[in-house]
Asker: 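Structure provided below as structure tokens; questions to follow.
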Amino acid sequence: MERKEIAQELKLTTSNNKKSQLANVIKIRNFVSSVIREAGPSLESLPWSCFSKAGQTLIEGYGNSTDRAILIASFLEYCNIPFDFTCVF
């Protein structure tokens with residue numbers, strides 16, 4: 001299933017309304033945490049070139065924390081929700 005199909009299934013909107021955006025963030029977080037299992041080495045043990053694209057993580061159903069963050073960012077981008085990556089060790 002592709003991002004657009006999943007976004008439609010989750011009923012994600014592209015509204016700039018803060019309440020809608022918060023609802024989208026919660027749906028995205030819940031989806032990723034329930035469907036994408038944590039696997040793989042930690043962030044500090046890999047070069048940046050080893051991280052998966054959002055579609056690959058979605059298809060494979062697993063990824064490390066960075067792969068999952070990239071997938072979440074992809075959905076946030078789809079919903080026009082601004083975001084920044086923050087690296088926390």
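Because only heavy atoms are used, hydrogens play no part in the values below, and waters and symmetry mates are left out as well, while side chains stay in. For clarity, every value in this text was computed on a predicted model and none was experimentally measured.
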Asker: Checking Y62 now: which residues fulfil ring-ring contact (aromatic ring centres under 6.0 Å, His included) with it, not counting sequence neighbours?
Answerer: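 ring-ring contact (aromatic ring centres under 6.0 Å, His included) list for Y62, sorted by chain: empty.
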Asker: Any link between V32 and L22 through a network of hydrophobic side chains (Ile, Leu, Val, Met, Phe, Trp, Tyr) touching at under 4.5 Å?
Answerer: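 As far as the 4.5 Å side-chain criterion goes, L22 and V32 are not connected within one cluster.
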Asker: Looking at every non-hydrogen atom in both residues, tell me the closest pair between A54 and L71 and how far apart they are.
Answerer: O-CD1, 3.7 Å
Asker: Taking side chain as C-beta onward, heavy atoms only, is L12 less than 4.5 Å from K27?
Answerer: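 The answer is yes, as the side chains (C-beta and beyond) meet within the 4.5 Å cut-off.
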Asker: To the nearest 0.5 Å, how far apart are CD in Q21 and CD1 in I28?
Answerer: 10.0 Å
Asker: Search all heavy atoms of A73 against all heavy atoms of F85 and return the closest pair with its distance.
Answerer: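 Looking at all heavy atoms of both residues, the closest pair is CB-CZ, 3.5 Å.
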Asker: In the structure I gave you, are the side-chain heavy atoms of I70 and K53 within less than 4.5 Å of one another anywhere?
Answerer: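 When only atoms from C-beta onward are counted, K53 and I70 do not touch, as no gap falls below 4.5 Å.
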Asker: To the nearest 0.5 angstrom, please state how far the CG atom of L58 sits from the CD atom of E5.
Answerer: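 One gets 10.0 Å once the value is rounded to the nearest 0.5 Å.
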Asker: Quick one: do F51 and N64 satisfy side-chain contact (heavy atoms from CB on, under 4.5 Å)? Show the steps, please.
Answerer: CA-CA 9 Å; F51 300 127; N64 63 25; 4.2 Å; yes
Asker: OG of S34 to CZ of R29: how many Å apart, nearest 0.5 Å?
Answerer: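 Going from OG on S34 over to CZ on R29, the span is 10.5 Å.
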Asker: Measure the CD1-CD1 distance between I81 and I72 for me, rounded to the nearest 0.5 Å.
Answerer: 11.5 Å
Asker: Please confirm whether the backbone N or O of T13 pairs with a side-chain atom of N24, one donor and one acceptor, at under 3.5 Å?
Answerer: yes
Asker: For residues 68-84, which residue pairs qualify under side-chain hydrogen bond (donor to acceptor under 3.5 Å, both in side chains), counting only residues two or more places apart or in two chains?
Answerer: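 Output for this query lists R3-S74, E38-R68.
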Asker: Does any non-hydrogen side-chain atom of F75 lie less than 4.5 Å from one of V25?
Answerer: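 A side-chain contact under 4.5 Å is absent here.
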